[in-house]
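Note: hydrogens, waters and symmetry copies are ignored here, and every other heavy atom, side chains too, is used. All chains are named by letter (A, B, ...) in the order of the sequence lines, taking the proteins before the strands, and each is independently numbered beginning at 1.
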Amino acid sequence: MTGILVLQSLISGLMIGAIYGLLGVGFSLVWGAMKVINIAHAAFAVLGAYLAYALLKMFGLDPVLGFFVILPFLFFGGMVLYRYLIFPVMRARDIVVSSMVLTFGCAIIIENLISLIGSPDPRVFTTRYTGKALFLGPFAFQLPQTVGALMALGGMAVLYIFLKKTHTGKALRASWQQPEAARLYGINLKRISMIAFGLAVASAGLGGIAMGFVYSFDPHTHNLWLIYIFLVVILGGVGNVLGTALAGLLIGLLNGLSLAFFPYQWVNVITFGVLILILLVRPSGLFASEV
Amino acid sequence: MLRVSDLSVSHGHLMALRNLDFHVSEGELVTFIGSNGAGKSTLLNTLSGLVSPQAGSIRFEDREIVGMTPEQICGLGIIQVPEGRKLFARMTVLENLEMGAYLSAARRQFSRQLEVVFDKFPRLKDRKNQIAGTMSGGEQQMLAIARAMVALPKLLMLDEPSLGLSPLMAEEIYEVIQDLNGDGMTILLVSQEVHVALSMADRGYVLENGVISREGEGKSLLEDPAIRASYLGI
């Protein structure tokens, strides 16, 4: 019996881990490729969740479908943000710090806009499948959580295939590995970075919606999500898509494992404790940084 | 084909290139020789549009290209093989070639050009799925040249193509360059290997501290006592 319980919480941990992974991937790419630490990344995730919530409340649109409505807005919003806010500071001497300060401001603005237009109360998605579960043998999978995990896995797969297989995706990787040569062969760095930033913001939105299936969210939630995003990315290797995805799953697993054996209030202590241990042994994370 | 007049480039307050006048005609192999820091790479990067000149004009096929973006210049067919190769090191050989043919005109002819390139460098064909950074220096230089060839060059500019290669490998690379020129490719070669460069070039220019100090036919520059003394140690 306990064995099944442990397995059950491991599986549920993995599901949440997939969502951490998706939230981390876009953040990791922008950090690795442009040296921009986008503090507003998690705020975009919360924004995505709120927009999906609004569509659900107003039109009864399922958040999974809602994402496809929100997607173009997040993508173009991200491109515009890069073009008019991030790009002008790219020439700063210390782009990492400048971008952090700038995007921290963006995060606060997004948080307050959500509070202002919506309200600061916590929200949950209530859909047709809320409270339902899928029974497979001795295991029960909560349906909303399963939907969130599938969205996250799908999002990561799409990003991975985009980077590996499409002409534009390859050009993105080329321009991160060797910007000067990329320019010599006709790749427009500004345009390609805009696309990358748009994709990162869109993936954050998807991650936020997926999170909304598992946890409640309010305008401040992005602060907590951001800490997890940092963890996933540092563990997975900055700019390393596959590593970040795996690190997300690992952290989820760790979460699930500690939940199975320890009281709830110890979960974060144990998760972060193990992570500190890992980083003491491997200070640069489990996987190499790359793009 | 290429006519540069009165070209000056500065890095901040430092003048990197001063009042350069030169030309490259169709089908020629022209070389710029000079020591480290003479401004050779700056010259190629200016021609490629990565660096903008302070003054002067660069005309390519009767079109002024000063002020054009690197993207536009690449589209015109001025293609550079940069110093140190600058491959996309964590991508495969094939992906590197695909990125050479990034612009749509080159992309349309990619499969045909790929055959031409694989014909010239059969070793690249065998290794098309290998990660570029894991190949030997010579193979990487071949890939760098191949990447430029799929970009449909009219003027191929090479910056120190033998840098860091074994003498044997360097010889092979220079043979490839001569071969390309024999097929009709116009080439601008920048090199510190004065003897090799001058013996294969139709014409040469000597760049010293950002100024063209001598010019002439490759063979006659080789005979020039001043060049023999300062560059060939004879």
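- Summarising the geometry of Met99(B) relative to His167(A), their closest heavy-atom pair is CE-O, 3.8 Å, with the distance given to 0.1 Å.
- Environment of CG in Asn209(B): sparse, with no more than 12 heavy atoms of neighbouring residues, nucleotides or ligands closer than 6.0 Å.
- At least one donor-acceptor pair under 3.5 Å links the side chain of Tyr185(A) to the backbone N or O of Gln80(B).
- Counting heavy-atom neighbours within 6.0 Å of Asp62(B) CG, excluding the residue itself, gives a total of 12 or less.
- In plain terms, the two heavy atoms of Gly186(A) and Glu71(B) that are nearest each other are O-CG, 3.3 Å.
- Ranking Ala148(B), Ala106(B), Pro82(B) against chain A, the residue ahead of the rest is Ala148(B), based on heavy-atom pairs under 4.5 Å.
- The line from OH of Tyr102(B) to CG of Asn188(A) is 7.5 Å long, rounded to the nearest 0.5 Å.
- The stretch residues 97-107 of chain A places none of its residues near chain B, where near means some heavy atom under 4.5 Å from a heavy atom of that chain.
- Only the side chain of Asn45(B) comes within contact range of chain A, with heavy atoms under 4.5 Å apart.
- At most 12 non-hydrogen atoms from other residues, nucleotides or ligands lie less than 6.0 angstrom from CZ of Phe76(A).
- Between Gln178(A) atom CD and Lys86(B) atom NZ the span is 6.0 Å, to the nearest 0.5 Å.
- If you measure heavy-atom distances from Ala144(B) to chain A, the contacts under 4.5 Å come from the backbone alone.
- The distance from the CD atom of Glu180(A) to the CG atom of Leu50(B) is 5.5 Å, given to the nearest 0.5 Å.
- Within 6.0 Å of CZ on Phe162(A) lie more than 12 heavy atoms contributed by other residues, nucleotides or ligands.
- Note that OG1 of Thr69(B) and CG of Leu189(A) are 11.0 Å apart. Values are rounded to the nearest 0.5 Å.
- Each of Arg147(B), Arg85(B), Gln72(B) has some count of heavy-atom pairs under 4.5 Å with chain A, and the biggest count is that of Arg147(B).
- The number of heavy atoms from other shown groups lying within 6.0 Å of CZ (Arg18(B)) does not exceed 12.
- The residue among Gly49(B), Gly100(B), Ala151(B) with the most heavy atom pairs within less than 4.5 Å of chain A is Gly100(B).
- Counting heavy-atom neighbours within 6.0 Å of Glu26(B) CD, excluding the residue itself, gives a total of 12 or less.
- For Phe230(A), the CZ atom is densely surrounded, since the number of other residues' heavy atoms within 6.0 Å is greater than 12.
- Residue contact with chain A, scored on non-hydrogen atoms closer than 4.5 Å, involves the backbone of Leu87(B) exclusively.
- Taking Arg107(B), Glu98(B), Glu95(B) one by one and counting their heavy-atom pairs under 4.5 Å with chain A, the maximum is reached by Arg107(B).
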